[in-house]
Student: 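The structure that follows is given in the form of structure tokens.
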Amino acid sequence: MSRRQVLAGAGGTGLLAATASPAKAAVRARRARAGTADGTPEQVHLTWAENPATGVVVSWASPGQAARPRVRIGQRVIPAESRPYTDGINGETVWTYHARVGGLRPGATYAYAVTADNDSNAADPFSATFRTAPQGRAGFRFTSFGDLATPNTSWVLSYGQSAYAVEAVESFQPLFHLLNGDLCYADLNPTVQPEVWRDFGNNNHTSAANRPWMPCPGNHEVEFNNGPQGFTSYLTRYTLPDNRVPGFGGRWYSFRVGSVLFVSLDADDVVYQDAGAFVAGPAALTPAASTGHPPIEPGTSFYLRGYSAGAQTAWLERTLAAGRRDESVDWIIVQMHQCAASSSATGNGSDLGIRQEWLPLFDRYQVDLVLNGHDHDHERSFPVRGADAEAGHEVATGAVVNTLRPHPVTTTDSGVFDTSQGTVHLILGCGGTDAPLDEYGTDTADGQRQAKVFTRANRPALTSTPDVYARAGADAVEDAIWSARRDTSTGYGIAVFDVEPAGSESGQASIKVTHYHAVGADPVNPGTGAKGAPTPDYTEFETFTLVRPR
Ligand SMILES: [Fe+2]
């Protein structure tokens with residue numbers, strides 16, 4: 001199988017390498033019969049099916065409507081489901097396809113090809129290989145970051161590092177990658193959302209066609225006029241494991257690989273902060289006439305807190321309880337976009353909503369690790385369990401406020417942490433976006449690390465400029481005694497997790513975590529003022545080990 005049609009890096013244009021001209025002529029003839037639409041596959045990506053040991057879903061898009069879109073794997077031809085949608089701002093129709101590939105062998109490598117009758121590469125269609133998950137207590141590697149964006153710097157918050165970040169995933173050859181929200185910031189480019197998603201998909205494709213990339217929604221997946229939570233662009237492009245909660249498919253889900261239960265959440269449902277789609281003004285955002293939608297007035301934001309009316313939290317409790325009852329599960333790892341424990345000074349910081357709704361469940365069911373994006377940096381907490389009361393102060397008045405500050409079970413940075421005693425939080429918003437936020441808070445009064453905390457909604461408020469609105473930052477601060485390590489040298493990196501195979505004599509399960517970072521990639525380093533540029537060099541920042549008794 002050839003990979004020569006895999007995308008060449010940046011920009012997401014020029015998807016297809018040339019094919020031999022007789023083949024092209026045949027394709028042109030076939031396309032003429034099929035109509036004028038271009039069904040050539042692009043943005044190819046994999047996700048796990050319900051059981052990662054036996055199934056994947058192959059998803060892709062095409063510029064026009066594909067005729068008989070399908071996947072070939074071995075002797076099988078699997079028809080794809082067509083799932084088009086029309087963007088609610090610019091009225092463009094996007095064509096996506098999803099083929100469920102089941103009945104696979106665990107821990108096996110498969111080759112597949114993606115094509116359609118009107119594929120301009122039909123004579124030599126796009127092809128790639130992937131590996132299914134192992135069965136039982138086997139070792140495996142996964143990687144994670146969030147806040148990726150695209151390499152096309154025409155778009156707001158896109159930056160060249162996002163191409164190197166995708167290459168970094170490939171360089172570590174993980175079984176799969178966790179992409180923890182804020183995928184491409186299409187909502188910040190509201191009149192061209194499908195184009196931004198296309199560049200995102202074509203950038204990821206160089207890795208996500210070879211191994212599943214499992215996403216969660218972030219605040220920037222929330223788009224005006226695109227479904228009840230604004231997730232139509234996101235949900236149409238991904239087929240994710242079924243959570244069996246009617247009306248909320250794809251927003252949250254879980255899956256098992258080896259002895260690890262992975263739980264992916266949508267924190268938009270519980271956070272106080274208002275950070276989804278927003279029209280700041282002074283002009284209204286006017287959708288294309290074809291959409292039939294009225295102008296969206298300045299000061300309008302798409303605020304989601306409470307959208308599932310408790311359905312997600314109830315599902316989370318059921319899922320965690322079942323996981324901890326299951327003796328074949330050693331580890332529970334959660335990914336969500338927004339943060340319960342971030343001390344970023346220039347980013348968003350922490351949110352009381354997650355601490356109220358979900359941290360008690362993480363304590364009760366001994367969640368080992370929580371992976372977040374949102375703040376474009378890297379921070380690691382000590383293991384935390386329970387909360388310190390009355391540890392926060394309101395920014396405006398200095399009054400004491402209960403931020404439910406996560407309580408560290410140790411403040412010794414030993415490099416080995418027993419997560420049966422407390423949950424480690426990692427901030428990994430270090431993908432590739434053009435807004436590195438590697439500045440962290442310090443309490444000038446006592447020199448302690450300081451975190452901002454949202455304890456209430458920061459809905460849009462009119463500024464001193466007529467018709468211009470803004471959303472305030474976090475309303476409280478606390479001494480971040482839970483913060484163990486902060487990367488001040490760059491806002492870019494990738495975390496690599498090696499789940500150790502069974503059979504260690506110590507009776508402990510372990511996960512080795514290595515964080516690699518791209519020093520010098522910051523457009524401007526906030527600490528030194530040095531100007532940087534995108535870099536392919538990811539070097540080790542730190543290694544630590546999680547253990548838990550079996
Ligand atoms: Fe975010």
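As the structure lists them, so they are numbered: ligands from 1, and atoms in each ligand from 1.
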Student: Does Asp182 bring an N, O or S atom to under 2.8 Å of the Fe ion (ligand 1)?
Tutor: yes

Student: I need the single residue from Asn372, Asn219, Asp266 that forms a side chain to side chain donor-acceptor pair (under 3.5 Å) with His337. Which is it?
Tutor: Asn219

Student: Among the N, O or S atoms that His374 has, which is closest to the Fe ion (ligand 1)?
Tutor: ND1

Student: Under 3.5 Å, is there a donor-acceptor pair linking the side chains of Ser342 and Ser350?
Tutor: no

Student: Measure the spacing between NE2 of His220 and CG of Asp187 and express it to the nearest 0.5 Å.
Tutor: 5.5 Å

Student: Closer than 2.8 Å to the Fe ion (ligand 1), do we get an N, O or S atom from Asn219, backbone or side chain?
Tutor: yes

Student: Using a distance threshold of 2.8 Å, state whether an N, O or S atom of His220 lies below it from the Fe ion (ligand 1).
Tutor: no

Student: Which residue is it: Glu542, His515, His425? I am looking for the one with a side chain to side chain donor-acceptor pair (under 3.5 Å) to Arg380.
Tutor: Glu542

Student: Determine the interplanar angle of the Phe142 and Phe497 rings, folded into 0 to 90°, and report it as parallel if under 30°, tilted if 30 to 60°, perpendicular if over 60°.
Tutor: parallel

Student: State the atom name: nearest N, O or S atom of His337 to the Fe ion (ligand 1).
Tutor: NE2

